[in-house]
Q: 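Sharing a structure with you now.
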Amino acid sequence: MGKFKIFIPCEEANHVCDKTQYKNATLLEKIKLNLHLLYCRACREYTKNNTKLTKTIAKSNIEFLDKSDKEKLKDNFEKALKEQLH
Amino acid sequence: MSKNKLNPDKWIDLYADYLYNYTISRVSDNDMAQDLVQDTFLAALKSMSNFKGEASERTWLISILKRKIIDYYRKINSNKGKAEVRMNYQDSEHEGDWLEERVADPFDKNAEDKLQNSELGDAIFECLSKLPPKQAEVFKMKTIQGYETEVICNELNITPSNLWVIIHRARTAMSGCLKENWF
């Protein structure tokens with residue numbers, strides 16, 4: 001580890017912001033992010049939109065097939081497709 | 001304009017999630033929803049010659065799915081309901097005493113919420129389909145299915161820093177895409 005930095009560049013701030021959306025950021029990272037947001041308008045904007053995206057997706061209740069279920073579906077369908085062609 | 005054509009080879013990749021999401025919000029039973037999606041694809045395959053090319057592939061598949069869902073409800077409704085007992089209020093004095101009737105119209109509210117959600121769901125699918133496939137896959141696994149970073153990295157053979165770069169690009173694109181109508 002290099003010397004302790006409390007001021008982080010925008011790129012890192014955005015990365016921490018992304019991690020926060022998945023609750024993957026540490027407390028120290030979050031403190032650094034919030035400090036950065038105090039003086040950086042661009043990152044405030046990014047954070048705002050990013051948070052909205054998370055909320056919007058949560059609100060939509062969207063659901064996807066599980067990967068293994070999709071494979072199963074695909075296998076079955078491809079069998080039928082082959083039969084159809086021959 | 002040329003007519004729409006069917007490409008069954010790509011159906012599962014392109015539409016399976018969309019159809020599943022459509023079904024699960026109406027049937028709310030995972031296994032049943034999967035069966036209905038599968039039936040829809042198989043039925044579509046059989047009736048490909050009926051496709052006139054006027055609607056898009058997706059619209060056509062959804063119309064088949066809708067019929068499958070209706071059939072499903074018909075079937076479960078014909079199994080029950082025979083022993084239903086009809087009860088009425090004793091007299092007009094007791095009118096409105098049913099517990100259900102004292103709740104402020106819960107059904108309308110649900111219906112509206114569902115409608116809004118399904119439109120929002122459509123918008124999200126639309127935006128996802130504009131992302132490069134790999135970005136969409138990573139975003140989907142991380143954001144909607146909630147897999148851990150390590151699991152996704154192993155599955156797709158990428159490093160965590162790759163993953164975060166992809167996530168960042170996907171989130172930027174998704175925010176931009178959804179911004180106009182939904183933020």
Q: Quick one: do A:L38 and A:F7 end up in the same hydrophobic cluster if we chain Ile, Leu, Val, Met, Phe, Trp and Tyr together by side-chain heavy atoms under 4.5 Å apart?
A: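 Yes, same cluster.
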Q: Give, as side chain, backbone, both or neither, the part of A:Q21 having an atom under 4.5 angstrom from any heavy atom of chain B.
A: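 The side chain, not the backbone.
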Q: Please find the pair of heavy atoms, one from B:G121 and one from A:I62, that lie closest to each other, and give the distance.
A: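 Answer, listing the atom of B:G121 first, then A:I62: O-CD1, 4.0 Å.
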Q: A quick test of your reading: do over 12 heavy atoms of other residues, nucleotides or ligands sit less than 6.0 Å from CD of B:E148?
A: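 Result for CD/B:E148: open.
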Q: State, to 0.1 Å, how close B:N21 and A:N61 come at their nearest heavy-atom pair, and which atoms those are.
A: OD1-O, 4.1 Å
Q: B:M141, B:K140, B:M174: which one forms the most heavy-atom pairs within less than 4.5 Å of chain A?
A: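 Maximum pair count with chain A is reached by B:K140.
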Q: Tell me, side chain or backbone of B:K179 under 4.5 Å from chain A's heavy atoms, or both, or neither?
A: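 Only the side chain of B:K179 comes within 4.5 Å of chain A.
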Q: Give, as side chain, backbone, both or neither, the part of A:K19 having an atom under 4.5 angstrom from any heavy atom of chain B.
A: both
Q: Distance only, no hydrogens: is a donor on one side chain within 3.5 Å (strictly under) of an acceptor on the other, for B:Q34 and A:D69?
A: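 There is such a pair (donor and acceptor under 3.5 Å, judged by atom type) between the side chains of B:Q34 and A:D69.
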Q: Tell me, for B:L45 versus chain A, whether the close heavy atoms (under 4.5 Å) come from the side chain, the backbone, both or neither.
A: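 For B:L45, heavy atoms of backbone and side chain both lie under 4.5 Å from chain A.
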Q: Report the C-alpha separation of B:N30 and A:E63 in whole Å, then their side-chain angles, then the decisive distance to 0.1 Å, and conclude whether the side-chain contact (heavy atoms from CB on, under 4.5 Å) test is met.
A: CA-CA 10 Å; B:N30 182 33; A:E63 284 188 60; over 6 Å; no
Q: Just so I know, are the side chains of A:K67 and B:E155 near enough to count as touching, which here means a heavy-atom distance under 4.5 Å?
A: yes
Q: Pick from B:Y147, B:F125, B:F139: which one makes a ring pair (Phe, Tyr, Trp, His ring centres under 6.0 Å) with A:F64?
A: B:F125
Q: Between A:D66 and chain B, which part of the residue has a heavy atom less than 4.5 Å away: side chain, backbone, both or neither?
A: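 Contact with chain B is through both the backbone and side chain of A:D66.
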Q: Check whether any side-chain heavy atom of A:Y46 sits under 4.5 Å from a side-chain heavy atom of B:H168, and report yes or no.
A: yes
Q: Of all the heavy-atom pairs spanning A:Y22 and B:R171, show the shortest one and how long it is.
A: OH-NH1, 2.8 Å
Q: Name the member of A:N50, A:T54, A:I57 that forms the most heavy-atom pairs with chain B at distances under 4.5 Å.
A: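 Most pairs with chain B among the choices: A:N50.
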Q: For residues B:I76 and B:I69: do they belong to one hydrophobic cluster (side chain heavy atoms under 4.5 Å, members Ile, Leu, Val, Met, Phe, Trp, Tyr)?
A: yes
Q: Between B:L163 and chain A, which part of the residue has a heavy atom less than 4.5 Å away: side chain, backbone, both or neither?
A: neither
Q: Out of curiosity, does B:M48 fall in the hydrophobic cluster containing A:F77 (side-chain heavy atoms, cut-off under 4.5 Å, transitive links)?
A: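 Yes: a chain of side-chain contacts under 4.5 Å links A:F77 to B:M48.
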Q: Run the numbers on A:K70 and B:D17 for salt bridge (charged side-chain N to carboxylate O under 4.0 Å, His left out), then give the verdict.
A: CA-CA 8 Å; A:K70 201 170 177 176; B:D17 284 319; 2.9 Å; yes
Q: If I measure from the heavy atoms of chain A, does B:Q38 come under 4.5 Å with its side chain, its backbone, both, or neither?
A: both
Q: Could you check which of B:T143, B:V37, B:D9 has the highest count of heavy-atom pairs closer than 4.5 Å to chain A?
A: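 Most pairs with chain A among the choices: B:T143.
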Q: Tell me if the CG atom of B:N7 is crowded by more than 12 foreign heavy atoms within 6.0 Å.
A: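 Atom CG in B:N7 is crowded, with more than 12 foreign heavy atoms closer than 6.0 Å.
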Q: Calculate, to the nearest 0.5 Å, the distance between atoms OG and NZ belonging to B:S175 and A:K48 respectively.
A: 11.5 Å
Q: Counting only heavy atoms not in A:R44 (residues, nucleotides, ligands), do more than 12 fall under 6.0 Å from its CZ?
A: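 Yes, the 6.0 Å shell around CZ holds more than 12 heavy atoms from other groups.
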Q: What is the ring orientation for B:W164 with A:H15, classed by angle as parallel under 30°, tilted 30 to 60°, or perpendicular over 60°?
A: perpendicular
Q: Hey, what do you get for CG (A:N24) to OG1 (B:T149), rounding to the nearest 0.5 Å?
A: 4.5 Å
Q: Is A:L27 linked to A:I6 within one hydrophobic cluster, defined over Ile, Leu, Val, Met, Phe, Trp and Tyr using a side-chain heavy-atom separation of less than 4.5 Å?
A: no
Q: Indicate if B:Y18 and B:L131 have the same hydrophobic cluster label, given that clusters are the connected sets of ILVMFWY residues with side-chain heavy-atom separations under 4.5 angstrom.
A: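 Yes; tracing contacts between hydrophobic side chains, which count when under 4.5 Å, links both residues.
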Q: Does the side chain of A:L73 reach to within under 4.5 Å of the side chain of B:F41, using non-hydrogen atoms?
A: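 When only atoms from C-beta onward are counted, B:F41 and A:L73 do touch, with a gap below 4.5 Å.
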Q: Kindly give the heavy-atom pair with the smallest separation between B:L42 and A:A80, and that separation in Å.
A: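 Between these two residues, the closest heavy atoms are CD2-CB, 3.5 Å.
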Q: Roughly how far, to the nearest 0.5 Å, is CD1 of B:I144 from OG of A:S60?
A: 6.5 Å
